[in-house]
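Shown next, in structure tokens, is the structure this report addresses.
Values below: all heavy atoms of this structure, side chains included; hydrogens, waters and symmetry mates excluded. Given the structure is predicted, the values throughout are model-derived calculations rather than measurements.
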Amino acid sequence: MSKFPYLRQDFAASIVVFLVAVPLCVGVAVASGVPAELGLVTGIVGGLLTGLMPGSSLQVSGPAAGLTVLVFEAVREFGVSTLGVIVLIAGLLQLAMGFLKVGRWFRAISVSVVEGMLAGIGLVIIAGQLYAAAGLKAPETGIGKIVGVPGALVDALGSTEALASLAIGAGTIAVIVLWKKMPKAAQAVPGALAAVMLATVATLAFSLPVATVEVEGLLGVIQPPGPEAFGELAGPAIWGTIIAFALIASAESLFSAAAVDRLHNGPRTQYDKEMIAQGAGNTVCGLLGALPMTAVIVRSSANVNAGAKTKASRVLHGVWLLLFAAALPAALALIPIPALAGILVHAGWKLIPFRQIVPLWRTHRGEALILVVTGVAIVAVNMFEGVLIGLALSIAKTAWEASHVKLEVIDKGAGPVQAHLSGNATFLRLPKILDSLEALPQDRPVELNLSGLHHLDHACRTALENWAERHSETGTDPVKVTSTS
């Protein structure tokens with residue numbers, strides 16, 4: 001036992017993580033438009049392969065609700081057979097980023113962009129899964145999903161099947177929310193699992209006309225990508241999706257790692273090694289034709305809270321997933337789809353940072369604006385472009401804040417007017433600088449001192465030289481410029 005001093009704690013934690021993972025793996029797969037078993041395959045790879053690798057000892061990887069929207073769009077555009085190639089190349093990109101030590105740079109991404117990304121994804125998941133909960137087909141665009149919700153609810157009210165389906169979905173959400181108020185002994189079973197079990201029992205007991213998960217068997221769904229799928233790589237359209245998978249999966253995993261590190265006092269995450277572990281997992285998932293994986297905060301926090309001490313718990317959770325998928329595939333066929341939709345509506349709700357937005361607006365309005373714009377852009381356009389818009393705004397804000405420039409004018413009433421520029425003079429602040437200089441008296445000599453500038457870009461230098469020439473044309477002494485160089 002000395003070789004595995006924490007085996008008892010890790011074994012108990014692995015059971016909890018397994019019970020949390022099963023409904024999420026299946027729910028994410030169904031919502032992504034792929035067979036349910038593919039979600040379990042990704043969970044198994046996340047446990048057995050990524051779980052064994054160095055990086056972060058306690059965070060758990062598997063299919064993520066955060067990638068559901070992106071995977072669904074990719075499957076709709078390129079087909080399930082091409083999904084494996086997309087995930088495979090994204091995994092190889094992650095491996096390359098890990099070996100090139102890009103992992104730590106993900107910590108430089110604005111938290112507002114990441115939270116905006118999660119908020120946008122959460123909104124699209126909630127809107128899309130409301131249709132699934134009612135057994136209806138969801139519109140294709142994010143805005144279409146949200147705008148169409150009232151009409152879909154009206155349609156559902158006129159259909160017995162849709163009402164039964166909605167009742168199961170609503171009941172699932174209610175059980176998950178209320179489960180935290182149950183006695184501690186009952187809470188040993190995760191709320192999502194309890195909700196799915198109760199929904200399954202209710203559907204069977206009352207013979208409800210509700211759609212259930214279609215089962216194809218574990219070996220039946222594993223489809224390594226063929227030559228046709230690799231042929232898709234010749235077209236430019238697929239590369240945007242591949243880069244989106246790689247960047248968003250990496251960002252989600254590394255931000256999850258930072259959050260998990262705050263939950264425990266054990267070894268800290270090694271970001272580049274974690275990137276390599278995620279890349280290896282996605283490469284294998286791609287070869288198996290499965291869903292992409294990320295580190296998942298829900299599973300990871302369940303792992304820490306259940307008392308896990310080493311990576312043994314996440315590896316064991318992969319073993320339990322494999323045994324479940326191999327021995328009890330028929331159990332999946334009993335699960336009502338609206339129950340899985342309910343789990344994902346709840347997961348989507350938790351992705352939206354309601355508590356952070358108001359304090360952020362009070363203290364950092366620019367950051368709050370980036371969060372909201374990123375979220376809205378993801379709903380209105382798509383995930384990849386929405387994140388790019390958020391990143392562009394974040395960079396523009398940083399550039400604006402970094403270009404602080406101060407103009408101090410000293411006028412003693414006689415002699416030359418002295419103007420001192422200090423800080424960073426960039427084109428972003430050029431209008432402000434020129435307005436102030438052009439307001440100086442035209443009939444007095446001016447001395448412009450640039451020695452206090454840390455940075456003077458080409459646009460500013462040219463504009464200042466032009467101003468100096470124009471100002472001197474009124475018959476006064478030329479503007480005297482003192483520069484650092």
Using a 3.5 Å distance criterion without hydrogens, assess whether the side chain of [X] forms a donor-acceptor pair with backbone atoms of [Y].
| X | Y | value |
| --- | --- | --- |
| T68 | A65 | yes |
| N303 | V17 | no |
| Y131 | V149 | yes |
| T310 | A312 | yes |
| N282 | P292 | no |
| W239 | A234 | no |
| Q94 | M275 | no |
| T42 | M293 | no |
| R314 | G51 | yes |
| S159 | D155 | no |

Could you give me the CA-CA distance, side-chain angles and deciding distance for S300 and S256, then say whether side chain to side chain contact (heavy atoms under 4.5 Å, CB included) is met? CA-CA 8 Å; S300 305; S256 169; 4.2 Å; yes
Would you mind writing out the side-chain donor-acceptor pairs for residues 323-347 within the sub-3.5 Å range, not counting sequence neighbours?
none

Nearest 0.5 Å, please: how far is [atom2] in [Y] from [atom1] in [X]?
| X | Y | atom1 | atom2 | result |
| --- | --- | --- | --- | --- |
| L371 | W361 | CG | CH2 | 11.5 Å |
| T82 | E228 | OG1 | CD | 8.5 Å |
| L118 | L123 | CG | CG | 11.0 Å |
| C285 | I86 | SG | CD1 | 14.0 Å |

Between K350 and I352, does a side chain to side chain contact (heavy atoms under 4.5 Å, CB included) hold up when you go through it step by step? CA-CA 5 Å; K350 292 187 83 171; I352 304 171; over 6 Å; no
Flag yes if more than 12 heavy atoms outside [X] fall under 6.0 Å of its [atom1] atom; otherwise flag no.
| X | atom1 | result |
| --- | --- | --- |
| R76 | CZ | yes |
| M197 | CE | no |
| W349 | CH2 | no |
| H364 | NE2 | no |

Where is the tightest heavy-atom contact between [X] and [Y], given as atom of each residue plus distance?
| X | Y | value |
| --- | --- | --- |
| G386 | T374 | O-CG2, 3.8 Å |
| V26 | A36 | CG1-CB, 3.8 Å |
| P63 | L291 | CB-CD1, 4.0 Å |
| S394 | V113 | CB-CG2, 3.8 Å |
| I370 | G390 | CG2-O, 4.0 Å |
| I378 | I121 | CG2-N, 4.1 Å |

Would you tabulate the side-chain donor-acceptor contacts of residues 160-178 under 3.5 Å, counting partners in other chains and residues two or more places apart, or write 'none'?
from, atom 1, to, atom 2, distance (Å)
S165, OG, A133, O, 2.7
T172, OG1, I168, O, 2.7

Taking the side chain as everything from C-beta on, heavy atoms only, tell me whether [X] gets closer than 4.5 Å to [Y].
| X | Y | answer |
| --- | --- | --- |
| V319 | L48 | yes |
| P225 | S81 | no |
| L233 | F230 | yes |
| L83 | V71 | yes |
| L67 | V28 | no |
| L193 | V20 | no |
| E232 | F78 | yes |
| H317 | L321 | yes |

Under the salt bridge (charged side-chain N to carboxylate O under 4.0 Å, His left out) rule, what pairs show up with a residue in residues 268-290, not counting sequence neighbours?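 Listed once each, the pairs are R104-D272.
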Could you give me the CA-CA distance, side-chain angles and deciding distance for E367 and K397, then say whether side chain to side chain contact (heavy atoms under 4.5 Å, CB included) is met? CA-CA 9 Å; E367 292 294 321; K397 176 180 173 286; 2.9 Å; yes
Test V387 against L247 for side chain to side chain contact (heavy atoms under 4.5 Å, CB included), laying out the working first. CA-CA 10 Å; V387 171; L247 294 181; over 6 Å; no
Assess the side chains of Q278 and T50: does a donor N or O sit below 3.5 Å from an acceptor N or O?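 Side chains of Q278 and T50: no pair found under 3.5 Å.
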